[in-house]
Engineer: 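Just dropping this structure here.
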Amino acid sequence: MEFQVCIDPGHGPGSVNKSPDGRYEEQEFAMDVSQRVAAILRGHGVDVLLTRSKDEFPSLGERCRIANAHPEIRLFVSIHSNAMGGGGWQTPSGHMIFTSAPGENEDRNRAARAILNSLEQAGIPLRKSCLQNQKFTVLTDTSAPAVLLEHGFHTNLEEVEMLLDPAFRQKLAQADAQGILDFLGINASQPNQDRDRVKARFGLEEQTIDYLEDYKYGKELLSKLAEGGKT
Ligand SMILES: [Zn+2]
């Protein structure tokens, strides 16, 4: 099978990366959000490869080999949450993304910016310095452009409450997927979504929408009206 995107759910079962009170496990969060992102992307016709299942804990090298076996992959996205050492709850918070090295026009950094823009538009709180470079194995040993997302800090009590919330996870997944689609140049707004947005925004009846859509430039008009209604 040909894949366009590889999603790498960080860590795996038995990982020590947890919130100080043990309610939150980074590996479980990473798997859940990865599956949500993959589902949204597949809904837009993007074939997604995951580096692990729920029960697996591949090494960093294995994750790279899994992705590199598919040279057609255009983007590798590793999903994590961050931690601040010192023990107990800590104050640092906010979402951010890593790539291996600078280079404004490199695909890895274009993808990172697309995802950050999407997170910002969704109202996800970003860290001050939200795009940073680190030589993480999954960023340096992957042949596809690669990014690593740190979705907030699981050492921050307020963020743990959000990271445990399924509705917030879905919001994150939507934003990640939107950024990935933007990077791939795929228009995520389907006619039906436009219909729903315009209906909600202007309080229109179903038949008014039908009428609008039948109009010669109806599709474009709906898309424009829907665009203005996105929050
Ligand atoms: Zn991690």
Side-chain angles (χ1 to χ4, degrees), residues 5-38 48-67 75-101 108 111-112 115-116 119 124-142 144-166 168-173 175-177 179-180:
V5 173
C6 181
I7 310 255
D8 173 43
H11 313 278
S15 155
V16 295
N17 297 37
K18 294 177 185 172
S19 60
D21 60 5
R23 283 187 302 150
Y24 170 94
E25 282 185 46
E26 183 182 347
Q27 65 95 8
E28 184 276 329
F29 166 83
M31 190 71 224
D32 186 27
V33 171
S34 295
Q35 285 176 328
R36 290 170 191 263
V37 174
V48 181
L49 174 68
L50 265 79
T51 56
R52 72 170 175 97
S53 70
K54 260 184 171 167
D55 312 315
E56 292 168 328
F57 195 162
S59 70
L60 298 173
E62 276 163 359
R63 292 166 200 256
C64 299
R65 281 193 292 278
I66 289 165
L75 184 63
F76 178 97
V77 182
S78 191
I79 294 185
H80 292 252
S81 57
N82 218 335
M84 185 54 75
W89 297 109
Q90 307 284 333
T91 48
S93 68
H95 298 237
M96 64 171 300
I97 200 162
F98 286 99
T99 64
S100 59
R108 58 178 179 273
I115 295 170
L116 286 172
L119 288 167
I124 307 297
L126 302 180
R127 270 178 88 64
K128 240 185 216 142
S129 183
C130 58
L131 172 50
Q132 292 186 26
N133 304 122
Q134 277 289 337
K135 304 281 181 202
F136 293 135
T137 303
V138 292
L139 299 180
T140 57
D141 293 8
T142 38
V147 301
L148 185 146
L149 272 159
E150 293 283 13
H151 272 317
F153 281 76
H154 59 254
T155 42
N156 178 295
L157 179 56
E158 216 176 303
E159 288 205 313
V160 164
E161 298 300 346
M162 290 196 279
L163 296 177
L164 284 169
D165 176 12
F168 186 73
R169 290 180 176 195
Q170 188 61 21
K171 189 174 167 172
L172 282 180
D176 289 349
I180 293 166

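Quick note: residue numbers are just sequence positions, from 1. Predicted model only: the values in this text are computed from it and were never measured. Ligands are counted one by one from 1 in listed order, and the atoms in each one are counted from 1 as well.
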Engineer: Does the plane of the ring in Phe29 sit parallel, tilted or perpendicular to the ring in Tyr24? Use 30° and 60° as the thresholds.
Structural biologist: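 The arrangement is tilted - the two ring planes meet at 30° to 60°.
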
Engineer: State whether a side-chain donor-acceptor pair under 3.5 Å links Asn17 with His80.
Structural biologist: no

Engineer: When His11 is tested against each of Glu25, Glu26, Gln27, Arg52 for side-chain hydrogen bond (donor to acceptor under 3.5 Å, both in side chains), which residue passes?
Structural biologist: Glu26

Engineer: Do Arg63 and Glu56 sit within salt-bridge range, that is, some charged N less than 4.0 Å from a carboxylate O?
Structural biologist: no

Engineer: When you look at CD of Glu161, are more than 12 heavy atoms from neighbouring residues, nucleotides or ligands closer to it than 6.0 Å?
Structural biologist: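 Counting other residues, nucleotides and ligands, CD of Glu161 exceeds 12 neighbours.
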
Engineer: Would you mind counting protein N, O or S atoms that sit less than 2.8 Å from the Zn ion (ligand 1)?
Structural biologist: 3

Engineer: Does a donor on one side chain sit under 3.5 Å from an acceptor on the other, for Asp55 and Ser53?
Structural biologist: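 No.
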
